[in-house]
Protein chains: 2
Amino acid sequence: MGENVLDTKNALILAAGELFAKQGFDGVSTRMIAEKAKVNLGAIHYHFGSKEKLYVETFSTIAAEGKNFCLSEILETSPELLKTPSGQAEIIREVVFQFFRDLFEFSRRDWKKRLIIQELLHPSPIMPTLVGKILKPDNEELADFFLVLSPAKTRSEAYAWADMLYAQGFFYLMAREPLAVLRGAENMGEDFLRTVAATTARSMILLAGLPLPANLAF
Amino acid sequence: MGENVLDTKNALILAAGELFAKQGFDGVSTRMIAEKAKVNLGAIHYHFGSKEKLYVETFSTIAAEGKNFCLSEILETSPELLKTPSGQAEIIREVVFQFFRDLFEFSRRDWKKRLIIQELLHPSPIMPTLVGKILKPDNEELADFFLVLSPAKTRSEAYAWADMLYAQGFFYLMAREPLAVLRGAENMGEDFLRTVAATTARSMILLAGLPLPANLAF
DNA sequence: GTCTATAAACCGATAGAC
DNA sequence: GTCTATCGGTTTATAGAC
């Protein structure tokens, strides 16, 4: 493939990904994609065969990316944190804050997580693949971590605990517009998102029976 | 208006509401609505003028309903609970469990909350009205309650606390299919939803600095 | 008020010139 | 590979008979 071919394909994937992430598969037409990518309408079917195959392709760029959060990195670089309750609490705090930073801080280019959520909300045939290859490893890792901290808890409780991170993140990512109407856009800025991250971290630390770190104490 | 007119309009609103709640505005065609309501396609435009106006009408039936949760009822019927920390914790537990019961137990007829969430996820011009008239009163009441329990906390922290209830409920309501794929449908039954409700209640009680009730202790 | 038939616009996809 | 023009299908909405 020549460079210009890759340029066209990449421009289409980028434009399609951003649009699908914002408005969902049904809410985007091939004409909107072609216009945003500044390529001809026919190029979509020439390069990808169909709108649906282009949609699938937008996810292949996501699969190449890393994990959704940084639990395993922390455990590798700072294994000593696992030895004390306050260290364990610090791990949770860092994972939660890193997750929220990824979700919100670079919102200009982060259509990828929105795209994943759109697929979860309106599943297509590729949803099982997305869940199995991208979400499951992260999710099991997080639930396992909870069971290390609290061996007496059940696996269901570990799942409910791990889900809190996603539930909170998804809620603020997808409901920002109504929340801005509900409380005013000036109350939905970075300060509030930090408060949300802190609240989520406190919640998960307390549920694990750990002490609140000093930087999260009330 | 004659009875049969009301019958036709109500049948259309009911059918449209259920379909919109499940598949969103764009995912439902007027033909699907007419077929489900067992009326003629033309009746939609005769009685409502357009698909969008029918969509708006489905929300007017929601506005007539009561609150999203039962905090004020509990405070009226059992004001003595407010006097002790364990009573305050019991209030939170009851509000959370009632909210989850409403969301999941009667899933056959409870398309209304799903419809609200669909509108929040894909806002239309009526979103501000929905937020102001239906969500805001409940939301302010819940945040105010938190500030009664913890007067030293900020209003932002109260909002982040109140949001936990919605975030958890919305997540499990909208992401049930991917979660069933992720963990198996047999692990997503009523037992797990009770675990989720208990986890949410524990979380909000602990964040308010209250003791866990006996029926929520680990 | 209810129905059929159809208009007008949009959609995804394709054929064919270049 | 890129473009224009268009097909076949679906959509919302409407006109007109009954």
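In what follows, every heavy atom counts, from backbone to side chain, and hydrogens, waters and symmetry copies are set aside. This one's a predicted model, so the numbers in the text were calculated from it and none came from an experiment. Per chain, numbering begins at 1; letters A, B, ... match sequence-line order.
For the pair B/Arg93 and B/Phe97, the cation-pi test (distance below 6.0 Å, angle within 45°) is passed. Annotation: cation-pi geometry satisfied between A/Lys9 and A/Phe48 (NZ/CZ under 6.0 angstrom from ring centroid, within 45° of ring axis). A cation-pi contact, defined as under 6.0 Å to the ring centre and within 45° of the axis, is absent between B/Lys113 and B/Phe170.
Note on A/Asn40: every side-chain N or O is 4.0 Å or more away from OP1 and OP2 of D/dG1.
The pair A/Asp26-A/Lys51 does not meet the salt-bridge criterion, since no charged nitrogen lies less than 4.0 angstrom from a carboxylate oxygen. A salt bridge is defined here as a Lys NZ or Arg NE, NH1 or NH2 lying under 4.0 Å from an Asp or Glu carboxylate O, and B/Arg155 with B/Asp144 meets this definition.
Around the CD atom of A/Glu186, the shell of radius 6.0 Å holds more than 12 heavy atoms that belong to other residues, nucleotides or ligands.
Atom CG of A/Asp26 is separated from atom C1' of D/dT11 by 13 Å (rounded to the nearest Å). Distance, B/Phe48 CZ to C/dT2 P: 11 Å, rounded to whole Å. Whole-Å rounding puts the B/His47 NE2 to D/dA13 P distance at 16 Å. One interatomic measurement links the two molecules: CG of B/Leu12 to C1' of C/dC3, which rounds to 14 Å at whole-angstrom precision.
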Nucleotide-resolved protein contact map, nucleotides 12-18 of chain C, B/S/- at heavy-atom distance under 4.0 Å | BBB----
